[in-house]
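First up is the structure itself, then whatever we jot down about it.
Order of appearance sets the numbers: ligands from 1, and atoms from 1 within every ligand. We're numbering straight along the sequence, starting at 1.
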Amino acid sequence: MFLTGKQMGEVFLKAKRERFGIIASNVVFDTQVRALVQGYNAVGSDGLLQMSAGAVKYAAGASQDLHTGAKLISTIVKTFSDQFPHSGIGLHIDHATPNYFDFLVYCIENKLVTSVMIDASHEDLPENIRITKEVVDIAHKHGIIVEGEIGRIKGAEDEIVSDTELYTKPEEALEFVLKTNVDLFAASVGTNHGVSKGENLVLRLDLCKDIDDLLIKNNVERGLVLHGASGLTDEQQQTAIANGVVKINKDTHYQMDMAEAIQSYWEKEKYAIVCPPDVDAWDYVPNKSKFDPRKWLIKGENKMQATVEEFCRVVGSANKSILL
Ligand code: G3H
Ligand code: CA
């Protein structure tokens with residue numbers, strides 16, 4: 001079922017109290033939405049789908065119109081997830097930089113989403129606080145929850161690119177949360193966006209604990225967010241959750257799943273669409289029962305579904321839906 005912003009807040013509150021994580025999964029089109037929502041539902045988990053500005057532009061086609069793309073993705077997510085009464089699904093805007101301020105307001109006012117991320121982390125701290133607070137004030141009036149970030153995450157995710165990482169300082173995190181009143185706080189602790197391997201990262205998961213402890217001590221406890229989580233080991237994710245993380249962002253892993261599953265299908269079924277070298281082109285008939293897009297897209301869809309089910313088990317959200 002598609003959740004309200006308030007219900008999504010309850011999901012994160014329950015996750016924080018019971019120390020489990022919610023997998024936030026990036027999507028662009030309906031095949032991915034189906035895979036993920038069915039996966040969350042299959043294991044009795046709530047889940048968050050998220051769309052980046054780049055995904056929204058892609059969804060809109062050649063016009064790249066943000067409003068069209070967001071309405072399209074939101075309609076798909078809401079319509080599809082409403083089939084499942086025992087799994088709560090939210091939709092989030094991932095990494096909206098300040099140049100997307102008007103877009104965020106449009107999505108908030110039109111209730112296209114349950115939550116948004118304003119990412120002004122490339123600004124200095126006072127400016128980041130000023131912009132984030134402006135978004136929080138608007139979003140809270142409409143019952144939408146907000147994620148903010150300090151620090152810098154290395155790697156590339158759509159339009160967000162950084163060659164360096166900048167670890168979040170706990171005292172700055174406290175100042176940021178106190179002054180902005182964000183609901184979710186994204187810390188930069190050494191994860192990378194894109195293809196990465198847990199054992200090669202300089203992870204500072206201890207920083208999550210320091211930030212969590214400091215926020216609790218100052219009566220502003222929040223759920224922490226871990227970006228760039230595709231390359232992390234199960235144990236690293238579980239440590240992050242024990243240290244206060246409630247939202248674990250995944251994108252690259254699903255992209256690889258889909259590409260691998262479809263690549264292996266076409267390796268096997270190549271001659272359904274390509275004339276074999278020993279057959280005369282005049283005699284060759286492509287095999288419609290194999291190249292129908294449903295036949296190969298479903299391979300990617302099934303793989304993504306199995307992956308999100310496993311992710312939910314790893315982070316402990318299976319059978320923890322607020323709707324169960
Ligand atoms: O917001 C999405 C995630 O931070 C994406 O990171 O591509 O490493 O999974 P990932
Ligand atoms: Ca991210």
Side-chain angles (χ1 to χ4, degrees), residues 8 12 21-28 32-33 35-36 39 47-58 73 77 90-97 100 104 107 113-122 145-168 182-203 205 208 223-234 236-237 240-241 245-260 300 303-304 307-308 310-312 314-315:
M8 204 64 225
F12 286 120
I22 292 293
I23 297 289
S25 310
N26 283 65
V27 293
V28 186
Q32 299 165 311
V33 172
L36 295 165
L48 190 60
L49 305 188
Q50 43 187 26
M51 51 185 184
S52 63
V56 169
K57 287 181 193 167
Y58 180 90
I73 296 177
V77 173
L91 180 61
H92 178 80
I93 299 178
D94 192 24
H95 287 291
T97 42
Y100 289 107
L104 284 184
C107 292
V113 293
T114 42
S115 54
V116 298
M117 175 184 192
I118 170 71
D119 180 359
S121 60
H122 281 65
I145 60 179
V146 180
E147 173 184 339
E149 173 177 329
I150 316 181
R152 203 158 299 155
I153 295 159
K154 194 171 157 185
E157 188 187 10
D158 273 1
E159 298 171 8
I160 306 292
V161 181
S162 179
D163 294 337
T164 51
E165 57 210 336
L166 204 63
Y167 293 85
T168 305
V182 280
D183 306 279
L184 295 162
F185 178 73
S188 173
V189 295
T191 57
N192 290 180
H193 281 141
V195 181
S196 58
K197 293 244 188 307
E199 57 272 23
N200 299 330
L201 297 169
V202 187
L203 270 190
L205 295 174
C208 296
L224 305 185
V225 181
L226 202 57
H227 282 255
S230 278
L232 299 186
T233 64
D234 294 356
Q236 287 169 335
Q237 294 172 74
I241 292 162
V245 166
V246 294
K247 176 173 178 276
I248 299 197
N249 288 13
K250 303 270 191 180
D251 184 9
T252 306
H253 197 302
Y254 299 124
Q255 294 178 342
M256 280 163 58
D257 276 352
M258 185 152 274
E260 270 170 22
K303 182 85 191 292
M304 272 184 75
T307 294
V308 74
E310 181 55 20
F311 282 165
C312 290
V314 168
V315 301

Review point. Do the side chains of Leu36 and Ile23 get nearer than 4.5 Å, heavy atoms only?
Key: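 A side-chain contact under 4.5 Å is absent here.
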Exercise for review: Side-chain contact test, heavy atoms from C-beta onward, threshold under 4.5 Å: evaluate it for Ile145 versus Phe12 and give yes or no.
Suggested key: yes
Practice item. Go through the side-chain N and O atoms of His92 and Ser115 and say whether any donor and acceptor fall under 3.5 Å apart. Key: yes
Can you list the ligand 1 atoms lying under 4.0 Å from a non-hydrogen atom of [X]?
X: Ala229; answer: 6 (O), 8 (O)
X: Lys250; answer: 9 (O)
X: Ser230; answer: 8 (O), 9 (O), 10 (P)

Revision key, fill the gap. Within the 4.0 Å heavy-atom cut-off, what Asp94 brings close to ligand 1 is side chain
Review point. Given that the side chain starts at C-beta and the backbone is N, CA, C, O, which of these parts of Asn26 lies under 4.0 Å from ligand 1, counting heavy atoms, or is it both or neither?
Key: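 Looking at Asn26 and ligand 1, just side chain atoms fall under 4.0 Å.
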Review point. Does Gln50 have a heavy atom less than 4.0 Å from any atom of ligand 1?
Key: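 Per 4.0 Å heavy-atom rule, Gln50 contacts ligand 1.
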Point to revise | Min N/O separation Gly231 to ligand 1 under 3.5 Å | key: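 There is no such contact.
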Practice item. With Leu184 as reference, evaluate Met8, Met117, Glu147 under the side chain to side chain contact (heavy atoms under 4.5 Å, CB included) test and give the passing residue. Key: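 Among Met8, Met117, Glu147, the one that satisfies the side chain to side chain contact (heavy atoms under 4.5 Å, CB included) with Leu184 is Glu147.
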Exercise for review: Find the distance between CG (Leu48) and CG (Asn26) and round it off to the nearest 0.5 Å.
Suggested key: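 Here the rounded value is 9.5 Å.
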**Study point:** Interatomic distance, Asp183 atom CG to Lys247 atom NZ [nearest 0.5 angstrom]
**Key:**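 Spacing of CG (Asp183) from NZ (Lys247) equals 12.0 Å.
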